[in-house]
Each structure stands twice: as C-alpha cells, then as structure tokens.
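Here's the structure, in structure tokens; my notes come after.
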Amino acid sequence: MEEALVSALNSEISMGNRPSVLVIGGGIAGLSSAIAHNEAGFRVSIAEKRQKLGGRVWSDEDGIDNGPHVILGCYKNFRRLLRAFGTEHLFKKQDTLNLTWMFPGGKLLRLEPPRLPAPIHLLVGLLKLDLPIKKRLGLLKGSVALRRQLPPTGTTLQRWFEIQKVNRDTQSLFFEPLCRAVMNVEAGKADARLFLGTLRVAFGSSRREGAIWCPTVPWSEIIHQGAETYIHKNHIEWIHSGVTEIIPAGDGGLEAVSFRHGKKKTGFDRIVLAVPWLEAARLSPFASFAKKAIKIEASPIVSVSFPPPRLPLPFHDLLIALQGGEPFHFICRQPGPKSWLTLLAGAATNPHLRTKNDWVLAGSKCLQSFLGKALPLPDNHKDLAEIRRESKATIAATPETADFRPPPGPTNIKGLWIAGDWTATGFPSTLEGAAKSGFLCPNL
Ligand SMILES: Cc1cc2nc3c(=O)[nH]c(=O)nc-3n(C[C@H](O)[C@H](O)[C@H](O)COP(=O)(O)OP(=O)(O)OC[C@H]3O[C@@H](n4cnc5c(N)ncnc54)[C@H](O)[C@@H]3O)c2cc1C
C-alpha cells in the first residue's frame, strides 16, 4: 500500500517536472503533434471544439465518410500516426500503383505496372496499357518529362504541359486525375513545382511509395476511435471545448488561453495552434504569419453518395478514375456495411451546380452514363442520395498560395507554434502534409 503511494507520488513529481504543451485542434496535424510531444516527454493537453477528434476526416452514424480519403504508400508521417493508433492494418494496400480508369459506357482501362524497380515499373506499365501506340508513347514522353528539372517558381501545371509539349490525351488520362486528387485544383491553377515534386516522391524512389491505400472501414474507426484509445492509454488530457482567445503576455510570450466553456488556463510551456488557417490567424492576430494566412484561398470538394446497385458491380476496385465524368473525377466504394457508391468532385467550383438537387441530378446522370447500360440503377436512387459539401476542404495549391504558407513550428511569439495542412511542408494540403507539420513540431 505504502509502496503504491510512494510510486504514485513519484510519478506525480516526474509529471510535474515535465514541460507541458497545449495542442489547439484535434485534426490530423494536432493529433500528430500530440503524439510527437508525448513521445518527447511533454505533458500533453488537446483542446478540440467538436465532439469528435479527427477534424476534416469524419464519418456519419451510417458510416458514410464526409468525402472519401485515400492515401499513398509515401505518406510516411501519416502512417506513423496510424501505427501509434494501431489502425494501419485497416486499409486495402496495393503493392504498387494500380489505377483503373472508366469511360462512359463502362469500358475499363487498367494500369498494372510490373514488379520492376521504380520508375521503370511505371514506364513499362504505361507502355502496356490497352491503348493505340501513339497514345502510349505520349504517356511515356509525359512521364519521362517528370524527371526533368522542376519548372521555375510561379509556373502552373498547364504552362508546364505547354513547355514540355505534353499532349492532350496524356494530360487528361494521367496528369489531370492526379492533379485533382493531390492538389484539389485544376491544371490551369495548380502549382507545377509542388505537384511534380509530390509525384517524384510518389513514383521516383520505390514501387511501394505510389501504391494507393483505401480504407476498409469508415474513417471514424481509423482516426476517431484510434485517437481516443491512444490519448486514454497515454494519459493525454482532452479538453472538450473550443479556444476563444490566446492572450499575449507583456514580455512577448503567452499569458493564458480562454475557452468557450468560460474557463481560462495558464502555465503551458508551449502552445501548438493546429487549426485551419483563418482560425489560426483569428486566434493569433499578433503573430507575423497571420497577415499572410488570411490571403490563402480555399478549394471545395463535393461528394455525392448513392446506395449500391442491387446487382454486383462490374469491377472490384475501391477507387476508379472517371474519364469524361465532369464534374466528377473519381468513383469509390465507401467502406463499411453500406458500401455506398460515391462520386467525388475535387475543385468543385462549377457555377451551375448550386443546390443539393443540382448535385444529385449531376451525380445521377454521371452514374447512368458510366454504369447505366452495364447495370440498371433502381429508379429511386436519386431520392436516396447523400451529399457532402466541404467548401474549405483544402487550400488551393496554386503558385500564389505558396507565398502565404508559413513553415510549421515556432512563430515569432515565444511559446507559440503552428501546425496544419496549410503550412509549408513541401506537400499540398493533404493528410500527409498535416501529419508532417505535427510531427515536426517538437524537434524544431
Ligand atoms: C472531403 C475531403 C476529402 C479529402 N480527401 C483527401 C484525400 O483523399 N487524401 C488526402 O491526403 N487528403 C484529403 N483531404 C484533406 C485532408 O482531410 C486535410 O488536409 C487534413 O485532414 C487537414 O488536417 P488538419 O489537422 O490540418 O486540419 P483539420 O482537420 O481542419 O483540423 C483542425 C481541427 O481544429 C479544430 N478547431 C478549429 N478551431 C478550433 C478552436 N478555436 N478551438 C479548438 N479546436 C478548434 C477543428 O474542429 C478541427 O478538428 C480531404 C479533405 C476533405 C474535406
């Protein structure tokens, strides 16, 4: 009994000696930062304004994700978070990049690179595509251009196509779906350096880096449940309230933090602000990054989900790139018992699609044109559709935005650090960028 008391006291004392950090925001950046600080010996508290941890990655009670998220083998930091949560096994993992395209009418085209070292595997895979030789040679030429020197700062992807003479088929088949998925902007707006740099990481070093990982369960099981288990096991404090104000101290540091539930907290050695850019600027208008952060442009994602057709689908893939499915670019099968079919529109800025009904009709038309003949859809599928509109899904990865992204880590305010997918991580606004910014924090 006495021994237990002494050990409890010792642990109190050692806890007391540890530096403390408050992470504001329980999305991927905040959770990664919490893991990194915990591993570095900090006492960690997380303040999250919503009921659930995970930020922009969430699923509803029916297990439908707010927008399907896929990851790549090269997402090293994000995979570190999954390992900490014990949820890395909940994915269907490709061995190397396999991509299937679907054309109106249901025709499928498959890229299946052979087991050869990168990037030769990709070149051989492109050459083996079931396409006329001229198109295959165009694709080969385009992917070889990837290895050339990166274009100067400020170049858009469309401009790079012109400089490298990438033909229209190669643009629409290979580069454009990847650009929408990775950058969430169109080629005409995308920052070519950031995009090509990311593709080099994915396709340049090993076959596995470019492999697509799709979740086999709703994302809330992977992130929210994983995070809850982790913070419970590691004695991390979860403050269920939003932060309303960060109060600066007279000496240039930080005095206190106010919460929506009315309380104030003081005494943190470090605060990591891991909230989206506008909120970060609102909470710390006195920090030098704030003026630039408010200029960052957001880019939307819309997804329209339909109940699965009653007959089996003519493909087994979890994710398929659509050719000619505007405004939708991908179709995916939602994990979980419901297996809904989701159409995904990245950079969804089409001015003609305003209401829920507009989107559902567009989705229904798209499904009819891709699957209609192969697979008759039930008449009431439009009535059952679910729509998710995320107006600030990511930051727009344009050359202009690049100037407004501050580096993750310490700011000019003593004790105030920033993390988030909008910081300059070398990645676009993605799960990997968010995780990288969070894991960088304690080491900087
Ligand atoms: C529909 C959709 C599909 C996507 N698909 C992909 C994909 O396939 N692959 C990919 O890599 N990325 C994808 N992304 C992008 C990815 O989800 C984000 O880049 C990433 O989740 C951002 O994480 P974050 O921690 O930086 O920000 P967030 O997830 O926004 O986390 C910030 C957190 O801070 C909290 N917060 C805000 N203000 C306060 C406050 N005052 N006090 C306390 N808490 C506060 C918020 O509630 C939130 O939980 C997608 C995004 C969307 C929306």
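For ligands, and for the atoms within them, numbers begin at 1 and follow the listed sequence. Computed from heavy atoms alone, side chains included, the values below leave out hydrogens, waters and symmetry copies. Model, not experiment: these values are computed from the prediction.
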Verify the distance criterion only: is there a donor paired with an acceptor across the side chains of [X] and [Y] at less than 3.5 Å?
X	Y	result
Ser305	Glu386	no
Arg405	Thr423	no
His121	Arg207	no

Trp58 and His224: aromatic ring centres closer than 6.0 Å?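 For Trp58 and His224, the ring centres are not under 6.0 Å apart.
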Aromatic contact, Phe174 with Trp101 (centres under 6.0 Å): no
For [atom], what's the nearest protein heavy atom and its distance?
atom	value
atom 25 (O) of ligand 1	Ala29 N, 2.8 Å
atom 47 (O) of ligand 1	Glu48 OE2, 2.6 Å
atom 26 (O) of ligand 1	Asp421 N, 2.9 Å
atom 9 (N) of ligand 1	Val70 O, 3.0 Å
atom 5 (N) of ligand 1	His69 CD2, 3.5 Å
atom 44 (N) of ligand 1	Lys49 N, 3.3 Å
atom 23 (O) of ligand 1	Ala434 CB, 3.6 Å
atom 29 (O) of ligand 1	Arg56 N, 2.8 Å

Surrounding [atom1] of [X] (heavy atoms of other residues, nucleotides or ligands, distance under 6.0 Å), is the total greater than 12?
X	atom1	value
Lys295	NZ	no
Lys264	NZ	no
Arg147	CZ	no
His261	NE2	yes

Considering both backbone and side-chain atoms of [X], is one of its nitrogen or oxygen atoms within less than 3.5 Å of a nitrogen or oxygen in ligand 1?
X	value
Tyr75	yes
Ile28	yes
Val243	yes

Ligand 1 versus [X]: contacting region, heavy-atom distance under 4.0 Å:
X	value
Ile24	side chain
Pro68	backbone
Ile301	side chain
Ala393	both
Glu279	side chain
Ser303	neither

Between Gly73 and Trp213, what is the shortest heavy-atom contact and its length?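 Looks like CA-NE1, 3.8 Å.
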Which of the numbered atoms in ligand 1 are below 4.0 angstrom from a heavy atom of [X]?
X	answer
Gly67	1 (C)
Leu431	10 (C), 11 (O), 12 (N), 16 (C), 17 (O), 19 (O), 21 (O)
Gly55	29 (O), 31 (O), 48 (C), 49 (O)
Val57	21 (O)
Ala47	43 (C), 44 (N)
Gly242	42 (N), 43 (C)
Ala274	32 (C), 34 (O)
Gly420	26 (O)

Report yes or no: is the cationic atom of Lys107 (NZ for Lys, CZ for Arg) closer than 6.0 Å to the six-membered ring centre of Phe103, at no more than 45° off its axis? yes
Using heavy-atom distances, let me know which of Thr244, Val257, Thr425, Thr394 sits nearest atom 15 (C) of ligand 1.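 Selected option, by shortest heavy-atom distance: Thr394.
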For Glu209, which of Lys76, Arg79, Arg200 qualifies under salt bridge (charged side-chain N to carboxylate O under 4.0 Å, His left out)?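 Exactly one pass, corresponding to Lys76.
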Steps toward side-chain hydrogen bond (donor to acceptor under 3.5 Å, both in side chains) verdict (Thr100, Arg110): CA-CA 4 Å; Thr100 303; Arg110 293 186 188 282; 2.8 Å; yes
Which pairs would a plain distance check flag for residues 393-403, meaning a side-chain donor or acceptor within less than 3.5 Å of a matching protein atom at least two apart in sequence or in another chain?
residue: Thr394; atom: OG1; partner: Asn184; partner atom: ND2; Å: 2.9
residue: Thr398; atom: OG1; partner: Glu400; partner atom: OE1; Å: 3.4
residue: Thr398; atom: OG1; partner: Thr401; partner atom: N; Å: 3.2
residue: Thr398; atom: OG1; partner: Thr401; partner atom: OG1; Å: 2.8
residue: Thr401; atom: OG1; partner: Ala396; partner atom: O; Å: 2.8

Under 3.5 Å, side chain of Thr155 to main-chain N/O of Trp160, donor-acceptor pair present?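 Flag not set: sc Thr155 to bb Trp160 has no pair under 3.5 Å.
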